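What follows is a single structure, written as structure tokens, with notes after it.
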Amino acid sequence: MKVVIIGGVAGGATAAARIRRLDEQAEIVVFERSGYISYANCGLPYYIGGTIADRADLTLQTPESFLARFRVDMRVHHEVTAIHPEQKTVSVKNLTTGAVFEETYDKLLLSPGAKPTQPRLPGVGLERVFTLRTVEDTLRIKDYIDAHHPASAVLAGGGFISLEVAENLRELGMEVTIVQRPKQLMNPFDADMAAFIHGEMRQGGVKLALGHTVEGFAERGGGIDVLLKDAAPLHADMVVLAIGVTPESDLAKSAGLALGLKGSIVVNDRMETSAPDVYAVGDAVQVKHFVTGENAVISLAGPANKQGRIAADNICGGDSRYRGSQGSSVIKVFGMTAAATGLNETAAKRAGLEADKVILSPMNHAGYYPGGRLMTMKLVFEKGTCRLLGAQIVGYEGVDKRIDVLAAAIRCGMKATELKDLDLAYAPPYSSAKDPVNMAGFMVENLKNGVVKQWYLEDVDALPRDGSVTLLDVRTREEFAAGHIEGFSNIPVDELRTRLGELEPGKTVYLICQSGLRSYIAARILTGRGFDCYNFAGGYRFYDAVRHDRRLIERSTACGMDQ
């Protein structure tokens with residue numbers, strides 16, 4: 001059996017190694033357009049900033065090491081220019097010599113990945129406008145910085161690559177501005193949770209121009225202007241386009257293969273395309289979202305590697321199936337960690353699901369053990385069934401392990417209420433006896449059983465201030481004096497039982513505290529005395545962070561940049 005693989009990174013390299021482990025006699029040829037195979041794509045921004053000092057560390061395997069260990073013919077600087085499924089051949093160009101030839105195959109695997117989205121804007125091809133996707137892109141940016149010592153950069157786009165590049169350029173002492181058309185960074189997060197990411201970026205010295213559309217680029221004064229719609233241009237020494245990625249599916253389209261969302265390659269759960277004996281994996285393919293079952297394009301390294309293994313199994317006569325992607329991801333944002341899995345609230349409602357949420361601010365480990373820090377968790381679940389739909393966590397130590405527990409829970413089909421039953425490891429330096437994941441489960445169970453009712457951030461402005469309801473903040477006097485929501489009165493929770501006479505019977509009570517715990521206790525006290533109560537989801541800490549962020553974004557929309 002002869003297997004030809006187009007693309008040597010992530011899915012392609014994984015598939016090649018797996019095929020060899022399953023079939024020692026197979027002939028395996030990999031064509032890679034770039035000069036590198038099996039490189040650490042996600043580590044590229046950290047080489048630019050110097051965290052990864054040796055460029056050799058970016059390359060996990062070389063053609064020589066792959067040949068020695070797996071007897072795979074890795075041909076770099078070879079571009080496949082056409083696929084001929086009827087003849088079972090591919091046309092290939094040697095980019096070093098210019099030679100063109102045909103290669104036959106018994107099985108073909110497409111792993112072309114995705115290319116940086118480059119909108120058709122004036123100035124996209126200018127020397128100081130860069131994209132970042134390959135090792136060559138990274139070296140080009142690094143060499144430019146080393147040679148020209150730019151003092152400032154504008155990054156267009158607000159996803160993973162943009163945030164990682166921003167942090168690394170700040171580490172080099174550069175002035176950095178991110179321009180993003182949506183009014184938030186990081187689409188896997190809801191806007192309220194993204195507020196904490198925005199705050200950390202600003203704390204790290206990155207300027208944000210959210211809600212602005214880039215219309216082009218123009219050279220001026222030895223630098224480059226980023227032209228914005230309805231705002232003054234931003235001037236910088238260099239620009240990095242990180243608007244997103246587009247499936248690299250031109251070969252598939254030309255060969256007549258079925259295409260799906262965003263031009264992605266349609267595959268079944270065996271990673272088979274519409275053409276016989278042709279498979280496809282990675283960022284170029286359309287998959288099923290694990291939570292919704294809907295078609296999706298999810299460009300992440302984990303799914304690409306799993307798909308490569310599944311395709312290899314099936315190429316070698318097995319029957320492996322890909323069960324879908326749920327978009328589990330994590331990112332370092334200066335000193336902070338932000339992670340997400342499954343659906344956020346926005347995506348859940350867009351998918352037509354009746355979603356609810358709980359928001360909590362637990363410590364990463366036992367409060368009495370030194371060094372504990374708060375994290376903000378948002379758990380999204382389906383009303384009625386309590387089916388776990390997704391989660392987002394922003395914080396410091398311990399974020400990654402909690403998101404992995406929740407990702408596993410979603411994959412296992414757990415209900416949000418069942419999180420309370422998980423038997424998770426506990427020691428004071430690492431967690432609490434009731435882990436944050438357990439706490440989220442307790443909160444959902446309370447909602448399901450009617451022990452507590454919630455009101456939300458989106459309800460704040462609509463709350464009546466005419467005295468028809470009671471608006472009550474149960475924090476301490478000092479906390480209340482430092483900041484509170486207009487129209488709320490203050491009775492500390494520990495004084496509530498002795499001051500019940502100050503509350504008018506029959507009025508609905510809307511409660512808030514710093515994190516939601518004390519107001520929950522207040523809600524139980526008042527419910528036991530016959531009051532109808534609602535507890536604020538997230539607490540004043542959450543409210544204040546989101547409202548502050550929104551004020552800065554509105555200022556950015558008006559003047560071009562926030563501070």
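Just so you know, these numbers come straight off a predicted model, no measurement behind them.
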May I ask you to test the Pro112-Leu251 pair for a side-chain heavy-atom distance under 4.5 Å? no
Lys142 to Tyr47 six-membered ring, cation-pi geometry met (6.0 Å, 45°): yes
Does the side chain of Met336 reach to within under 4.5 Å of the side chain of Val399, using non-hydrogen atoms? no
Is the closest side-chain heavy-atom distance between Met186 and Phe160 below 4.5 Å? yes
Main-chain N/O of Met201 paired to Arg170 side chain as donor or acceptor, under 3.5 Å: no
For atom NZ of Lys262, is the number of surrounding heavy atoms from other residues, nucleotides or ligands below 6.0 Å larger than 12? no
Which donor-acceptor pairs under 3.5 Å do side chains of residues 292-299 form with protein atoms, sequence neighbours excluded?
residue: Thr292; atom: OG1; partner: Glu294; partner atom: N; Å: 3.1
residue: Asn295; atom: OD1; partner: Gln286; partner atom: NE2; Å: 3.4
residue: Asn295; atom: OD1; partner: Lys288; partner atom: NZ; Å: 2.8

Could you tell me whether the side chains of Glu272 and Asn314 share a donor-acceptor contact shorter than 3.5 Å? no
With heavy-atom distances below 4.5 Å as the criterion, would you say the side chains of Ile331 and Glu164 are in contact? yes
Does the distance from a Lys or Arg side-chain N to an Asp or Glu carboxylate O, for Asp319 and Arg270, drop under 4.0 Å? yes
Taking NZ, NE, NH1 and NH2 as the nitrogens, is one of them in Asp250 or Lys253 under 4.0 Å from a carboxylate oxygen of the other? no
Taking it one step at a time, do Glu79 and Lys93 satisfy salt bridge (Lys or Arg N to Asp or Glu O under 4.0 Å)? CA-CA 5 Å; Glu79 180 177 12; Lys93 182 177 182 179; over 6 Å; no
Less than 4.0 angstrom from a charged side-chain N to a carboxylate O is my criterion; do Lys107 and Asp277 meet it? yes
Relative to Phe70, does Arg20 satisfy both conditions: NZ or CZ under 6.0 angstrom from the six-membered ring centre, and within 45 degrees of the ring's axis? no
Do Arg140 and Phe130 form a cation-pi contact, if we require the NZ or CZ to be under 6.0 Å from the six-membered ring centre and within 45 degrees of the ring's axis? no
Answer yes or no: is there an ion pair linking Glu103 with Arg75, defined by an N-O contact shorter than 4.0 Å? yes
Between Ser431 and Pro436, what is the shortest heavy-atom contact and its length? OG-CD, 4.3 Å
Could you list the donor-acceptor pairs under 3.5 angstrom formed by side chains in residues 353-360, with sequence neighbours left out?
residue: Asp356; atom: OD1; partner: Tyr456; partner atom: OH; Å: 2.6
residue: Asp356; atom: OD2; partner: Tyr456; partner atom: OH; Å: 3.4
residue: Lys357; atom: NZ; partner: Glu345; partner atom: OE1; Å: 3.2
residue: Lys357; atom: NZ; partner: Glu345; partner atom: OE2; Å: 2.9
residue: Lys357; atom: NZ; partner: Glu458; partner atom: OE1; Å: 3.4
residue: Lys357; atom: NZ; partner: Glu458; partner atom: OE2; Å: 2.8

Side-chain (Lys115) to main-chain (Thr117) donor-acceptor, under 3.5 angstrom: no
Say whether Ser34 and Arg133, considering side chains only, have a donor N or O and an acceptor N or O under 3.5 Å apart. no
